[in-house]
Amino acid sequence: MEKRFKILGNVSIAIGIITALLCISPITGAPIFSLPIGFVGMICSCIYIFIDTQKEINTKKFTPGIIGLLLSSSPVLLILTVIIINYFKH
């Protein structure tokens, strides 16, 4: 169980890094792919956080699940930032 748990944490961080890189990528169309990948990363991170809180495996403040969740939510945060900036420009 511990080994699978660590793999899930590493997967959530890896998906989060891929999502964050696609979100800021200058390649045309890359941010469109970051939203679905970020959604999968959020699901993996939430599963990690749920198992971690249920079994009390990690006692640190920043677990891999939280780091993966923050990285995976970067496309949503970018879209909200663009919406807020455009709202206040008018």
Side-chain angles (χ1 to χ4, degrees):
M1 179 68 178
E2 289 284 327
K3 192 171 190 176
R4 288 188 213 158
F5 187 69
K6 288 182 182 182
I7 291 173
L8 184 61
N10 291 335
V11 166
S12 65
I13 288 177
I15 291 174
I17 290 171
I18 292 169
T19 302
L21 290 176
L22 281 176
C23 184
I24 61 172
S25 175
I27 301 171
T28 307
I32 294 171
F33 295 116
S34 68
L35 280 171
I37 295 172
F39 184 69
V40 172
M42 284 185 197
I43 291 173
C44 289
S45 298
C46 288
I47 292 171
Y48 181 92
I49 292 170
F50 176 74
I51 293 172
D52 186 30
T53 54
Q54 186 180 27
K55 308 256 185 201
E56 297 179 1
I57 297 172
N58 266 336
T59 57
K60 302 177 203 171
K61 278 190 172 186
F62 291 108
T63 62
I66 293 174
I67 295 169
L69 188 65
L70 289 173
L71 289 171
S72 294
S73 63
S74 60
V76 176
L77 296 175
L78 179 69
I79 290 171
L80 285 176
T81 304
V82 169
I83 289 171
I84 290 170
I85 288 172
N86 285 331
Y87 177 76
F88 284 117
K89 277 187 177 179
H90 294 122

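These values consider heavy atoms only, across backbone and side chains, with no hydrogens, waters or symmetry-generated copies.
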So how far is it from Met42 CE to Ile47 CD1, rounded to the nearest 0.5 Å? 14.0 Å

Between Thr63 and Ile67, does the side chain to side chain contact (heavy atoms under 4.5 Å, CB included) criterion hold? Intermediate values first, please. CA-CA 6 Å; Thr63 62; Ile67 295 169; over 6 Å; no

Establish whether Phe39 and Leu22 are linked, either directly or via other cluster members, by ILVMFWY side-chain heavy-atom contacts under 4.5 Å. no

Any sub-3.5 Å donor-acceptor pair from Ser45's side-chain atoms to Leu69's backbone N or O? yes

Any chance you could measure Ile13, atom CD1, to Ile66, atom CD1, to the nearest 0.5 Å? 10.5 Å

About how many Å separate OG of Ser72 and CG of Leu77, when rounded to the nearest 0.5 Å? 11.0 Å

Looking at CG of Asp52 and CG of Leu8, how far apart are the two atoms once the value is rounded to the nearest 0.5 Å? 10.5 Å

Taking Phe62 as the starting point, is it possible to reach Ile51 by hopping between hydrophobic residues whose side chains are less than 4.5 Å apart? no

Taking every non-hydrogen atom, the tightest pair across Gly65 and Ser12: CA-OG, 4.2 Å

Taking the side chain as C-beta and beyond, is there a heavy-atom pair between Cys44 and Ile15 under 4.5 Å? yes

For Pro64 versus Tyr48, what's the shortest heavy-atom pair and its separation? CD-OH, 3.3 Å

Under the criterion side chain to side chain contact (heavy atoms under 4.5 Å, CB included), which of Val76, Val82, Ile83 is the partner of Ile79? Ile83

Is Ile49 reachable from Phe5 through a run of I, L, V, M, F, W or Y residues, each pair having side-chain heavy atoms under 4.5 Å apart? no

If you round to the nearest 0.5 Å, how far is CG of Leu78 from CG of Leu35? 9.0 Å

Are Leu70 and Leu80 grouped together when hydrophobic residues (ILVMFWY) are joined by side-chain heavy atoms under 4.5 angstrom apart? yes

What is the distance from atom CG of Leu21 to atom CD1 of Ile37, rounded to the nearest 0.5 Å? 11.0 Å

